[in-house]
Amino acid sequence: MWSIGSVEVTEVAELTTTSSAHWLLPDARPERIVEIDWLQPRYATAEGKVHMTIRALVVVDGDRRILVDTCLGNDKQRDVPAWNERTGPFLDDLSAAGFPPESIDTVLCTHLHVDHVGWNTRLVDGEWVPTFPNARYVFARSEWDYWSGESDPMDDVLRADSIQPVIDAGVVDLVDGEHRLTDHVRLVPTPGHTPGHVSVVIESGSDRAVITGDLAHTVCQAAHPEWSSNFDVDPGAAEQTRRRFFAEHADTDVVVLGTHWEPCANRVISDGEVWRVEPW
Ligand SMILES: [Zn+2]
């Protein structure tokens, strides 16, 4: 748990892996990872495998309980074996951390990819129902416009099991990319990975943190902001967003909470023309 002024942020991990990252970032082959000397041993192995986590972050501000991203979910049919038909303890872990599903008042999806929307719903008596019965679900309007647009790029199975049920339940609020959730928590647009991708800025007193979403999937992109993901919708915009993000937060006291970074909480430090990170 991290305290950002009066705001508390808790991570609940669903799946941590150590593997070659080049399935996700084609340039991040093991031989390139080992060239980045500061990655070892905390972020990567001597063989160039990278630690990554699929996690949710719970932001507590006063009586508000905001769940940022909802991971993979259980019982969902997916192409990736480790993501398919899961029966994991995520909801139990969330409750054990102090956040039973009914305590969550807001679910924020930084974007609508498969590993950020899974626990939007759960399977009850053969039907997908909202997992968090007292929550409003917040999506950026531009993100929803893209995935629901004419090009219809979203996988039909994903749409049917994780998105449409919350739309149909009337619990989704579409908001502008610049949107304030509480006095201390606001969204900022960080487009590129997806058109309506947002990050989450937390400011309380003199403390500040930012939740990345997938603007950078791993810390190796601090050293190589030009390394784009196979899943970046607009790689050029994604690189520009990464460069702007790392430059803005370098050599400051901003706690950077990487949605898939392992470990999650880091500071960004200038490193010549690029950047490196170190655990908070
Ligand atoms: Zn992701």
Side-chain angles (χ1 to χ4, degrees), residues 9 11-28 43 50-59 66-74 76 78-84 86 88 90 94 107-121 137-140 142-144 146-147 153-155 157-159 161-163 177 187-200 210-222 225 227-235 237-239 241-242 245 256-266 277:
V9 183
E11 75 164 314
V12 179
E14 186 182 46
L15 182 64
T16 295
T17 55
T18 299
S19 65
S20 173
H22 76 278
W23 69 272
L24 179 64
L25 307 168
D27 295 310
Y43 302 102
V50 177
H51 309 306
M52 292 184 70
T53 292
I54 294 174
R55 64 165 63 79
L57 292 162
V58 186
V59 178
I66 302 164
L67 183 68
V68 178
D69 287 329
T70 62
C71 306
L72 295 165
N74 278 0
K76 303 206 163 175
R78 300 290 183 255
D79 293 336
V80 178
W83 300 2
N84 186 46
R86 289 180 56 81
F90 176 82
L94 188 66
V107 174
L108 180 272
C109 298
T110 58
H111 61 300
L112 298 182
H113 274 163
V114 59
D115 53 322
H116 299 261
V117 300
W119 280 108
N120 283 359
T121 60
Y137 288 64
V138 175
F139 306 158
S142 53
E143 182 73 2
W144 174 242
Y146 174 68
W147 293 111
M154 184 178 284
D155 178 87
V157 175
L158 175 65
R159 180 192 304 278
D161 65 30
S162 298
I163 305 292
L187 310 183
V188 294
T190 44
H193 179 57
T194 61
H197 187 280
V198 294
S199 299
V200 181
V210 58
I211 298 171
T212 59
D214 282 5
L215 73 87
H217 287 83
T218 88
V219 296
C220 67
Q221 287 167 291
W227 285 1
S228 273
S229 151
N230 282 325
F231 305 100
D232 286 350
V233 171
D234 183 339
E239 177 183 350
T241 290
R242 278 191 291 278
F245 179 87
V256 176
L257 300 168
T259 294
H260 294 313
W261 301 3
E262 184 55 49
C264 178
N266 297 268
V277 307

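Atoms within a ligand are numbered from 1 in the order they appear, just like the ligands themselves. All values derive from a computational prediction rather than experimental measurement.
A side chain to side chain donor-acceptor pair (under 3.5 Å) with His260 holds for exactly one of Thr16, Asp214, Thr17, Asp69; it is Asp214.
Ring geometry for His197 against His111 counts as tilted: the plane angle lies between 30° and 60°, on a 0 to 90° scale.
Taking the Zn ion (ligand 1) as reference, His116 places its N/O/S atom NE2 nearest. Summary: OD2 is the N/O/S atom of Asp115 found nearest to the Zn ion (ligand 1).
With a cut-off of 2.8 Å, the Zn ion (ligand 1) has an N, O or S atom of Asp214 in range. The Zn ion (ligand 1) has no N, O or S atom of His113 inside 2.8 Å of it. When distances to the Zn ion (ligand 1) are checked against a cut-off of 2.8 Å, His217 contributes no N, O or S atom below that limit.
We find that Asp161 and Arg78 are joined by a salt bridge, their nearest charged nitrogen and carboxylate oxygen being less than 4.0 Å apart.
In this structure the side chain of Thr121 reaches within 4.5 angstrom of the side chain of Lys76, judged on heavy atoms. The closest side-chain heavy-atom distance from Val107 to Trp119 is not below 4.5 Å.
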